[in-house]
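The structure under discussion appears below in the form of C-alpha cells.
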Number of protein chains: 2
Amino acid sequence: MQTILVIDDDESLRDTIGVMLEQEGFRAVLVEDGRQGFEKALLLKPDLMLVDLRLPGMSGVEICKQLRAAQFQTPIIVLSAIGDEVDKVLLLEIGADDYVVKPFGSRELLARIRALLRRTSPDAHKVFHFGDTEIDLDRRVVLRSGEELKVTPAEYNLLTYFLQNPDRPLTRDMILNSVWGYQSFPNTRTVDAHVVKLRQKLEPDPNIPRYFLTVHGVGYRFVP
Amino acid sequence: MQTILVIDDDESLRDTIGVMLEQEGFRAVLVEDGRQGFEKALLLKPDLMLVDLRLPGMSGVEICKQLRAAQFQTPIIVLSAIGDEVDKVLLLEIGADDYVVKPFGSRELLARIRALLRRTSPDAHKVFHFGDTEIDLDRRVVLRSGEELKVTPAEYNLLTYFLQNPDRPLTRDMILNSVWGYQSFPNTRTVDAHVVKLRQKLEPDPNIPRYFLTVHGVGYRFVP
DNA sequence: GGAGAACGTTTACATTTTGTTAACAGGCAG
DNA sequence: CTGCCTGTTAACAAAATGTAAACGTTCTCC
C-alpha cells in the first residue's frame, strides 16, 4: 500500500484529503506543522507528498528545497492557496513535481496523484525473481516462465515469507508465527505440506529441491 | 462546440452569462430551477457547468453531490453570493472544481472556464475498452459490441472502480469503501452479488470469468 | 396517491476451493 | 541399525464463493 504524507495547516482540509485518500486505498499521514512534516518525511519515506506552500514552522518551499538537498526523491505536489501567485519556475526550482490551486476538486487532486505516481514509480513495482519464477507483489501474481501460476493464499503467504527471508534457516515455529499468525495453531506438519506444494509448483525438479531447502532438525531455508 | 449549462435563479445574471458565453463561441443552456438543472445535466451531459450555491428546488451543493455520486465527471464551477461563507472543504467534498464570488467580472469567469476546461479536457473524453466492451465515462454509457447496455448505478460504480484499478487484487473492504462510501455498511457479500451481475452482463462466458477474476481468500481482480 | 417496476441488499443453499491432519514410506544421523 | 525427522498423499473438515430467490425500499408512471 502506498503512503502519502499530507502537510497542511487547515485542519478540515487535511481531514477531508485524508479520508479521500484512504477511501482510494492509500495510507494517509497527516501533519499540521511544517517542521514536523519535514521530519516525518525523512522518517516515513512516503511514496508521495502533498505540501501546502504556506505553513507554520517551515514553509512548503523550504521543505521541498531541503528534501531535495538531502537527495530525497519523493514526488511532491504543492498545494497553493487561491490568492498565491504561483510561480511555476519557482516550483520547478525547489523540486516540486506538480501543483494544484485551492480550492480543487477531489477528483482533480486524485488524478494528479495517480498521474504523478505513474510517472515516477515504474520502479516502485516490486518484483522478486529466482530461477524462471517471478513474483509481482502489487498484482499478487506468481509467474513461471511468463505463465501465471495459481497459488492459494497459504502458499502465497508462505512464499512471500521465504522471499523476504532468503538464505536464513527458518524454523517451523517461526514460519507458523509469521505466516499463520499467533492466533491459529495448526500442526507444524502443516508447514511441511505447504512446502511440498511450493516445491511442486516452483522447483525445476521437486524431488531435488534447489530453492526450498530442508535444514534437517531445524526447518527450511530459501536460497534464491 | 462546447456546451455549458448555467443554473442560477437570478434572471439578469443568467442572461448576461448566456450572452457572453455565446459571444465566446460556447453553447449556453440556461436553467433557473435547481431540480430542473440537475435533470438537464443528466440529459445534456454538458462540457462544463456553472452552478449557483443557493437555488430554488435543489441547492447547488445537492446538485454537485448527486452528480458525483452518479459518477458524472462534468467539471463544475460554483457561483457563490458575496455574503456566503465559502468553505473550501465543502467544495472539495461535493466535488466542485472551482468557484467564483459574485459579483465577478465576465473576463474572470471566462478565464476560469477556459482554465478548467484546459485542466480537465485531456482526460475528458475518456473511454475504456476491454474485449468487446466500451465504457464512456463522460456519457456514462456502457456499450457491448456497439450496443448500449443497461447497467444500474451500483453496477456502474463498481465497474468504473474496477476500470480505474486494473490488475490489482481488490479486497471486498476496499471495494465497499470506495464504491459504497465509508458511511454505509452493507454486507461484504453484497459485493459478490454485484460482481455476479457484472459478469452476467459483460463476460463472454459468465461461468468462466475472463475479466472479473476471483482472487480466492482476497477479493477480485479486473484484468482488461 | 397508488400500483408496479427497478434496484439494492440480504439470506440460504449449492458448489468450489483450500487447509489440515493422519498415515505411511523413506531418509538421515548418530 | 534404530529412532527420529521429513516427504507425500489422500481424505476429511472448514472456509470462501457462486447464485438465485426473497425482501424492503425507492422511483416512476398513470
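We name chains A, B, ... by the order of the sequence lines, and we start the count at 1 in each one.
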Measure from the side-chain heavy atoms of A/Arg199 and tell me the nearest of D/dG7, C/dT17, C/dC7.
D/dG7

Given D/dT8, C/dT20, D/dT19, the nucleotide with the shortest approach to the side chain of A/Val196
D/dT8

A/Phe212 CZ to D/dG7 P: how many Å, rounded?
13 Å

Taking atom C1' of C/dA6 as reference, at what distance in whole Å does atom NZ of B/Lys197 sit?
10 Å

[N] phosphate, OP1 or OP2, under 4.0 Å from [X] side-chain N/O:
X        : N      : value
A/Thr214 : D/dG7  : yes
B/Gln200 : D/dA20 : yes
B/Trp180 : C/dT9  : yes
A/Tyr220 : D/dC5  : no
A/Thr152 : C/dT17 : no
B/Arg172 : D/dA16 : no

Between A/Val195 and B/Gly219, which residue's closest nucleotide on DNA chain D lies nearer the 5′ terminus?
A/Val195

Any donor-acceptor pair under 3.5 Å from B/Arg14 side chain to B/Asp8 backbone:
yes

What protein N or O atoms touch nucleotides 25-30 of chain D N or O atoms at under 3.5 angstrom, if any, and at what distances?
none

Detail all sub-3.5 Å separations between protein N/O atoms and N/O atoms belonging to nucleotides 10-13 of chain C.
residue	atom	partner	partner atom	Å
C/dT10	OP2	B/Asn187	N	2.5
C/dT10	OP2	B/Thr190	OG1	2.9

